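Data block below; observations after.
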There are 2 protein chains.
Amino acid sequence: METRELRYFVAVAEELHFGRAAERLGIAQPPLSRTIAQLEHRLGVALLTRTSRRVALTHAGATLLEEGRAVLGALAAAERRTRQAATDRPCLVLAAKSGGSGEVLAKLLDAYAAEPGSVPVEVLLCESNTHVPLLDGRADVALLHEPYEPTTGLDTEVLHTEGQVAVMPSAHPLASRPRLRVADVTSLPEAARWPNGDGTYPDGPGLQVRSMTQLLQMISLGRAVAVLPEAVCAEKTEGLTTVPVVDAPLVTTVIAWPPHSRSRALADLVRIATGFAQVT
Amino acid sequence: METRELRYFVAVAEELHFGRAAERLGIAQPPLSRTIAQLEHRLGVALLTRTSRRVALTHAGATLLEEGRAVLGALAAAERRTRQAATDRPCLVLAAKSGGSGEVLAKLLDAYAAEPGSVPVEVLLCESNTHVPLLDGRADVALLHEPYEPTTGLDTEVLHTEGQVAVMPSAHPLASRPRLRVADVTSLPEAARWPNGDGTYPDGPGLQVRSMTQLLQMISLGRAVAVLPEAVCAEKTEGLTTVPVVDAPLVTTVIAWPPHSRSRALADLVRIATGFAQVT
DNA sequence: CGGTATCGATACCCGCCGGGTATGGGTGCC
DNA sequence: GGCACCCATACCCGGCGGGTATCGATACCG
């Protein structure tokens with residue numbers, strides 16, 4: 001299988017529409033149809049069921065979509081890491097959520113920079129999906145938050161575990177409660193909804209938000225309420241009240257990196273991070 | 001980057017010889033040279049240093065070789081799993097070392113087959129490198145032995161841990177000792193050597209063996225001595241003596257599978273295996 | 001020291017394949 | 001029943017991948 005075929009198939013499988021997929025790929029529709037048909041013929045497998053009105057994935061197609069995304073990510077990673085290896089100035093790229101764990105991040109960077117033999121660290125801030133740049137090679141190491149982000153296929157070390165709190169305006173009816181449960185918050189009409197991995201929002205009521213700053217602003221305006229890790233309330237609490245949510249899942253901050261990584265700089269950073277975490 | 005380019009580069013990087021690599025790929029040497037040069041040009045990176053007498057990998061080339069092998073393995077895996085998904089008769093492929101853990105394997109297969117909703121299991125026996133078919137998609141799940149086989153990038157559950165024993169003819173001078181140390185055995189001239197991952201043998205004295213049956217036969221003939229996990233002596237011990245080796249690393253049998261696996265059948269098999277291991 | 005064998009690079013040609021436009025055919029909607 | 005939408009087919013063209021022939025460099029050997 002050629003990567004061109006795989007890229008084309010992933011585009012069609014994601015769009016479920018040959019015309020839009022072709023446009024996204026910057027080619028015309030007929031060659032795309034032909035390439036997909038060739039791919040199916042070579043594999044000896046039907047990947048898509050197409051009527052003239054609707055395109056749908058077969059079970060095999062869904063499998064290839066999932067596996068193929070991983071392959072394309074690994075390919076992009078190989079390319080980027082090869083280029084990085086060619087520069088004799090080594091450099092680590094660390095991915096982190098822009099909203100989360102700002103203080104931990106600063107301390108980690110300082111502690112690592114003080115290490116003898118340390119290497120420049122570039123920080124890649126993501127609004128969400130911090131694990132993605134790790135899989136496609138844009139980052140060498142990332143700070144992830146379980147259980148919100150998947151860590152399968154990655155090597156990880158736990159840095160920090162914390163409970164979650166409900167964040168709301170001080171004037172909110174629930175603000176005076178000593179503690180809350182998840183159901184108390186999610187049943188509210190102003191409970192916030194986060195996008196799924198594909199950019200769509202889950203069904204149901206509530207505000208649609210894309211980033212932590214957006215969410216905090218909406219809470220300040222009295223338009224939203226959310227359950228968030230304790231650490232976020234360390235920053236912006238003017239006019240806001242936080243109430244512990246006793247049955248919310250614990251949030252674990254982990255440092256994660258791709259398997260097979262054999263870089264001295266990465267090993268140092270992980271060692272600093274874990275040692276640092278135990279001191280805290 | 002196209003997979004064709006990657007396949008070509010991996011071949012050259014492994015052979016370190018354009019002519020042999022071209023032969024292996026079934027093409028002539030000039031197009032191969034040209035394709036590698038194009039790849040280097042597109043990446044903007046030198047992958048190989050070539051004189052007219054010697055070809056060597058640059059640091060970037062070594063990186064691309066390692067990452068590229070993983071990508072090609074993932075691609076083969078995607079292809080195989082897609083074909084498998086197209087057959088409505090699901091089937092699990094389990095890889096195991098032909099010599100090792102035969103009894104555990106039989107019990108596991110029986111226990112899983114008795115499970116309601118279980119699926120046919122095909123067993124793929126390997127002489128060594130049981131993890132390879134897992135990475136290139138020929139197997140869905142494997143029994144691996146740490147620390148002999150790498151498990152990075154795989155999800156694992158521990159099944160069994162055991163010590164190691166020295167296996168030798170009953171007439172051997174060391175056979176009467178109550179216990180041994182690793183150095184006692186490896187210093188012997190008849191210590192066996194296993195091939196490296198690439199098929200070459202490490203330097204030094206001692207017999208070169210490729211498989212467990214071959215090794216046991218050589219031991220029976222008085223031509224070899226080896227340090228092996230306890231379980232192997234459960235089978236062939238006629239005329240052989242086993243002596244515990246106190247400082248040999250513990251051998252852990254694990255069941256391993258690729259991350260992201262979401263198959264019901266695989267989850268069942270792992271559950272059976274781990275539950276089964278605790279009973280033992 | 002010159003002859004030679006080895007090995008990668010270059011030059012050049014050809015056939016195939018990937019991509020383009022034009023068009024057909026099937027299906028749901030008004 | 002007309003129409004719009006959308007995937008498939010037909011056909012042409014240019015570029016690229018692969019072939020043969022050959023060059024140039026280097027290590028080895030007599």
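Values below: all heavy atoms of this structure, side chains included; hydrogens, waters and symmetry mates excluded. By convention in this document, chain letters (A, B, ...) are assigned in the order of the sequence lines, proteins followed by strands, and residues within each chain are numbered from 1. Fair warning: this is a prediction, and the values are worked out from it, not measured in the lab.
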How about A:Ser33 and A:Gln29: does a side-chain donor come under 3.5 Å of a side-chain acceptor? yes

Quick check against the 3.5 Å criterion: does B:Thr58 have a side-chain atom that pairs as donor or acceptor with the backbone of B:Ala46? yes

Separation of atom [atom1] in [X] from atom [atom2] in [N], rounded to whole Å:
X       : N      : atom1 : atom2 : answer
B:Gln29 : D:dG19 : CD    : P     : 11 Å
B:Arg54 : D:dC28 : CZ    : C1'   : 13 Å
B:Ile36 : D:dG18 : CD1   : P     : 11 Å
A:His41 : D:dA8  : NE2   : C1'   : 16 Å
A:Leu32 : C:dG19 : CG    : P     : 9 Å
B:Glu15 : C:dC7  : CD    : C1'   : 14 Å
B:Leu47 : C:dG8  : CG    : P     : 16 Å
B:Leu39 : D:dG17 : CG    : P     : 12 Å

Value rounded to 0.5 Å, distance of CD in A:Glu5 from CZ in A:Arg42: 4.5 Å

Side chain to side chain donor-acceptor pair (under 3.5 Å) involving B:Glu14 - partner list, sequence neighbours excluded: B:Arg24, B:Arg69

Pairs under 3.5 angstrom, nitrogen or oxygen only, protein versus nucleotides 14-18 of chain C, please.
unit_1: C:dG18; atom_1: OP1; unit_2: A:Arg4; atom_2: NH2; d: 3.4
unit_1: C:dG18; atom_1: O5'; unit_2: A:Arg4; atom_2: NH2; d: 3.1
unit_1: C:dG18; atom_1: N7; unit_2: A:Arg34; atom_2: NH2; d: 3.4

OP1, OP2 of C:dG8 versus side-chain N and O of B:Ser33: anything below 4.0 Å? no

Side-chain ion pair, B:Glu66 and A:Arg262, N-O less than 4.0 Å: no

Is it true that, when you exclude [X] itself, more than 12 heavy atoms of the residues, nucleotides or ligands shown sit nearer than 6.0 Å to its [atom1]?
X        : atom1 : value
A:Glu115 : CD    : yes
B:Glu146 : CD    : yes
B:Arg20  : CZ    : yes

Set out, in order, the CA-CA distance, both residues' side-chain angles and the distance that settles salt bridge (Lys or Arg N to Asp or Glu O under 4.0 Å) for A:Arg138 and A:Glu122, then state yes or no. CA-CA 11 Å; A:Arg138 280 176 300 164; A:Glu122 190 177 321; over 6 Å; no

Would you tabulate the nitrogen or oxygen pairs shorter than 3.5 Å linking the protein to nucleotides 2-6 of chain D?
unit_1: D:dC5; atom_1: O2; unit_2: A:Arg53; atom_2: NH1; d: 3.0
unit_1: D:dC6; atom_1: OP1; unit_2: A:His17; atom_2: NE2; d: 3.4
unit_1: D:dC6; atom_1: O5'; unit_2: A:His17; atom_2: NE2; d: 3.4
unit_1: D:dC6; atom_1: O4'; unit_2: A:Ser52; atom_2: O; d: 3.3

Taking the side chain of B:Pro30 as heavy atoms from C-beta outward, which of D:dA8, C:dA9, C:dT21 is closest to it? C:dA9

